[in-house]
2 protein chains.
Amino acid sequence: MTEAEDRRTQILDAAFEEFSTKGFKGATIKSIAGAAGVQSPALIYHYFPDKEALFNAVLETHAPIRSAVEDPTTFMDRPPEEVLPEIARAYFATVSNPVAQRMMKLMVGEALRRPSLAEVLGRATVARILDSLKKYLSRQVELGRLRPHDVRSSARAFVGMLVPQAAGRIFLPALREDGLTDKEHIETAVGIFLEGLRPER
Amino acid sequence: MTEAEDRRTQILDAAFEEFSTKGFKGATIKSIAGAAGVQSPALIYHYFPDKEALFNAVLETHAPIRSAVEDPTTFMDRPPEEVLPEIARAYFATVSNPVAQRMMKLMVGEALRRPSLAEVLGRATVARILDSLKKYLSRQVELGRLRPHDVRSSARAFVGMLVPQAAGRIFLPALREDGLTDKEHIETAVGIFLEGLRPER
DNA sequence: CAGTATTGACAGAACGTTCAATCAAGGATA
DNA sequence: TATCCTTGATTGAACGTTCTGTCAATACTG
């Protein structure tokens, strides 16, 4: 469409769209070519060796989205009453981004069938987020702002608390029916979490 | 294999296995026939009109698994210190059941691509569990055992807290590496939740 | 004119599905 | 009891379609 992006990018964008909505098997080279606005599927093989390579290229192209929640040094010493709502807001902001939504559908959908992708998704994304959260929570226990506890568990609990609401946004519209907003959920859920880990005086 | 179960059941079992590991598109009639131990794919069409019907039959066959967490009347008035760990244990027991695991992979994997399935999964399963949990939590607030709060949010938070640990069991083995056991996680996570909702004296 | 981009046509394989034919078992008939 | 007939189960082969990937020819661009 736009003249600025070249054919390769057009194909990658179309492939991303097709793969994320139909899955690797469900998306066809023909449908991708059509969505990319090229006349012949053969052109795709001019830019990519085969379907699998195109799929990997799509993943690599959108990989940077993972680095959303990073830079743990800046918030390490700030109090959880500030940091945790911030993380939650950033989380929901990411989840509300249509591109990120497609990426999650794509990754989860394929990781369910491909152990190698599950490994990447688990280690490079989820475990990374959990690790940085564990470090932060440990630090806060150290500082006496949270009571001592197993941070492996609290890190899971914190990100987990946000998951059903996020799932409602991404692929389970039925969960939206009780009208709970992201903001309300952050307030209540983070409140429970903080209150539950408040150090005893 | 066993003589007791008839052909139809053999085919359904094999189809369940194939669909859950490879997805609807990835599983072929031929591979299902092979897994079911029948010589010809044609036989499948003797028992089911087409692939789609076979898929639906598989879903219906394993639908009862959803009714695991039901019967809200029995625990409605029992204290959360007992009930919540029980629910969590039941949850992890379900998640550890290989058949239930396959069912979840299948439902989630296909619901990501089929809005109609997402509707069923959301409404008939997830929303149902959340609703019964909301009712229970409301009742406990009424009884003064939990402080007043938005139960839409706390219900999500409670089941959500368990999700990452469950995901580790089902399809993200990387999450198991820090060695947190289900029991430990229940203890810590439920502890945070209860402490976070303790009524102020 | 050289090199790249793009195309239509096409080959080979796999897929879902259909079909005619075979087989095993049981009931009816004599 | 011996024979026929019906019925459902099962199979191998085949059909039409679709998919991935190849190729040679053409259009475009510097």
Side-chain angles (χ1 to χ4, degrees), chain A residues 1-61 105-106 109-110 112-114 116-117, chain B residues 1-61 105-106 109-110 112-114 116-117:
Chain A
M1 198 62 87
T2 51
E3 306 86 333
E5 58 171 357
D6 58 349
R7 268 288 139 86
R8 203 187 130 90
T9 312
Q10 275 183 43
I11 293 173
L12 278 172
D13 288 349
F16 179 47
E17 178 76 26
E18 291 286 308
F19 282 141
S20 64
T21 60
K22 304 180 185 171
F24 179 77
K25 286 274 182 185
T28 70
I29 296 288
K30 201 173 170 182
S31 73
I32 293 171
V38 313
Q39 308 283 11
S40 167
L43 185 59
I44 290 181
Y45 291 93
H46 178 68
Y47 290 95
F48 304 93
D50 56 18
K51 193 183 180 184
E52 185 73 29
L54 173 58
F55 180 72
N56 290 330
V58 166
L59 290 190
E60 278 168 28
T61 301
K105 277 192 185 184
L106 179 56
E110 296 305 315
L112 284 169
R113 325 282 187 216
R114 301 189 190 204
S116 61
L117 252 190
Chain B
M1 196 62 88
T2 50
E3 307 86 334
E5 59 171 355
D6 58 348
R7 266 287 139 88
R8 203 187 130 89
T9 313
Q10 275 182 42
I11 293 173
L12 278 172
D13 287 349
F16 179 47
E17 178 75 27
E18 291 285 309
F19 282 140
S20 63
T21 59
K22 303 179 184 173
F24 179 77
K25 285 273 181 185
T28 70
I29 296 287
K30 201 174 170 185
S31 73
I32 293 171
V38 314
Q39 307 284 11
S40 167
L43 183 58
I44 290 182
Y45 291 91
H46 179 67
Y47 291 94
F48 305 93
D50 57 16
K51 193 183 181 184
E52 186 73 28
L54 173 58
F55 180 71
N56 291 330
V58 166
L59 289 190
E60 277 168 29
T61 301
K105 277 194 186 186
L106 179 56
E110 296 305 317
L112 284 169
R113 325 281 186 215
R114 302 190 189 204
S116 61
L117 250 189

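Note on naming: letters A, B, ... go to the chains in the order of the sequence lines (proteins, then strands), and numbering restarts at 1 for each one.
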Could you list the donor-acceptor pairs under 3.5 angstrom formed between side-chain atoms of residues 42-51 of chain A and any protein atom two or more places apart in sequence or on another chain?
unit_1	atom_1	unit_2	atom_2	d
A/Asp50	OD1	A/Glu52	N	3.4
A/Asp50	OD1	A/Ala53	N	2.9
A/Lys51	NZ	A/Phe24	O	2.8
A/Lys51	NZ	A/Ala27	O	2.8

Counting only heavy atoms and a strict 4.0 angstrom limit, can you tell me which residues of residues 39-51 of chain A come near DNA chain C? A/Gln39, A/Ser40, A/Ala42, A/Leu43, A/His46, A/Tyr47
Do you know the tightest heavy-atom contact between B/Ala36 and B/Ile11? CB-CA, 4.0 Å
Atom NZ of B/Lys30 and atom C1' of D/dA13: how far apart are they, to the nearest Å? 13 Å
Please work out if A/Ala33 contacts a base, only the sugar-phosphate, or nothing of the nucleic acid, heavy-atom cut-off 4.0 Å. nothing
For B/Lys25, does the NZ atom sit with more than 12 other heavy atoms under 6.0 Å from it, leaving out its own atoms? no
Any side-chain N or O of A/Arg7 below 4.0 angstrom from OP1/OP2 of C/dA5? no
Smallest heavy-atom separation, B/Ala15 atom then B/Val58 atom, equals CB-CG2, 3.7 Å
So B/Arg113 and A/Glu110, salt bridge (Lys or Arg N to Asp or Glu O under 4.0 Å) or not? Walk me through it. CA-CA 11 Å; B/Arg113 325 281 186 215; A/Glu110 296 305 315; 3.1 Å; yes
Closest non-hydrogen atoms of B/Gln39 and B/Pro41, given as atom of the first, atom of the second and distance, are O-CD, 4.1 Å
For the pair made of CD in B/Glu52 and C1' in C/dC15, what is the distance, rounded to whole Å? 15 Å
Whole-Å distance, A/Ile29 CD1 to C/dC10 P, equals 21 Å
Without decimals, in angstroms, what is the distance between B/Arg8 CZ and D/dG8 P? 16 Å
Once you apply a heavy-atom cut-off of 4.0 Å, does A/Ala27 come out as touching a base, just sugar-phosphate, or nothing? sugar-phosphate
